[in-house]
Amino acid sequence: MNTAEFIETYYTERNNTNSLKVDALQERYGDAGLLPLWVADTEFSVPETVKNVLSERIAHGIFGYSTVPVDYFKAYDGWQKRHAGTQFQAEWLHFSTGVVQALYDLIDCFTEEGDAVLVQPPVYYPFYHAISDKKRSLVTNPLILNDGIYQIDFADFETKIRDNKVKLFILCSPHNPVGRVWQREELEKVLAICEKYQVLVIADEIHSDLILSNQQFTSAITAASNLKSLIVCNAPSKTFNMATLLNAHIWIPSKNNREIFAEWSSRNKQTENSSLGQLAAKTAYQTGDEWLQAFLGVIEENYHYVKDRLQTEIPEIFVGELQGTYLLWLDLSQWIPKEKVKYYIQDKAQLAIDYGEWFSEDCKSCIRINLATSPKNIKIAVDRLIVVDQLKKGVDNHDKI
Ligand SMILES: Cc1ncc(COP(=O)(O)O)c(C=O)c1O
């Protein structure tokens, strides 16, 4: 399936489906007419095979208590063998309704109030919410921009861990919003520092399937020399656009940590598994390879379109290098003042994006745009930025916006 066939088959309008991205624009941005390029889900429906299996299940009409589908792990393991090659083991697997819920649970289970938790800004903002909601203390190791690529400041990472007696590190891999796919050596270095200071690592690998063609994803499981202090969260939800089917994975390799989590869960976690979510995930892992390849083709085309056109037409905008995820990070600091980002991007260009300040106080000049939509929408967004640029330069193109 090429990208044109994929778009033809799977692109789906989402208006009037209670879609957060599309139908909540008035509530979230105060303007229902914006082009929605925010929040991390997509306008592409799940693979046909998944739709069919869910339709059959829905026609059956009973949604009582369920067990995990037979061969769920085998389907996941097969997916891994064909994709990143990470060696998971079935006994490590726990389910959650979502990765964010898993982070809240794991913070609760493995740390105490007041404990220091480290993250790497700019980073997915629910990490901050989980840390503050659970009354843990936030420690940051900001990423640094070197030669146009975001990188880890390893010296600062170690200093912050040592000086703040950090108990837990939440790794975002691939990294949302800067789109980095961490190299094995980078992961080895941070994991070794965490081992040295006995820091538990939760690797949020929800974007691990969304890797652009010149990149290779390495799981923290593969890079770690010791799995005793590592927990990995991932899910089929970003990959296949099924966040509200409420099925995510928590992989706990250490037996001791599994026992601690089981004891904590018996006191705090009485949720059922999502039968539809697990059925959808199992089917997607068994049959979704071609769908994913075509979907990634769309992301890659949209990325190059934005990068190439902005580089030519508005070179003052810095377009981050997208290695993984479908979320593109733009730095507007050389183009417009940070106080004017909302004015130009939302009020004038009529785009609903994620504001950089949501990911870090220091990123008020940045925005994140979601590329997982039709090339037509992406072209509209870039056209509008170019008209705004002309407006800014005093050319009267106001009525074109
Ligand atoms: C890094 C990261 N973790 C977690 C999530 C959300 O996961 P869930 O919907 O399973 O809570 C997202 C969504 O964008 C994300 O980017």
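Each residue takes its place number in the sequence, starting with 1. Just so you know, ligand 1 is whichever comes first in the structure, and atom 1 is the first atom listed for that ligand.
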**Study point:** ligand 1: protein residues within heavy-atom distance under 4.0 Å
**Key:**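 Protein residues near ligand 1 are A40, G98, V99, V100, Y124, C172, N176, D204, I206, H207, K238.
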Polar contact flag, side-chain donor to acceptor under 3.5 angstrom, [X]-[Y]:
X: Y76; Y: Q80; answer: yes
X: Q323; Y: N214; answer: no
X: W335; Y: D389; answer: yes
X: Y150; Y: W329; answer: yes
X: W251; Y: N234; answer: yes

Show me, pair by pair, the donor-acceptor contacts under 3.5 angstrom made by side chains of residues 39-47, not counting sequence neighbours?
residue : atom : partner : partner atom : Å
D41     : OD1  : R14     : NH1          : 2.7
D41     : OD2  : R14     : NH1          : 3.4
D41     : OD2  : R14     : NH2          : 3.2
T42     : OG1  : F44     : N            : 2.9
T42     : OG1  : F44     : O            : 3.4
T42     : OG1  : N241    : ND2          : 2.9
E43     : OE1  : K21     : NZ           : 3.3
E43     : OE1  : T373    : OG1          : 2.8
E43     : OE2  : K21     : NZ           : 3.2

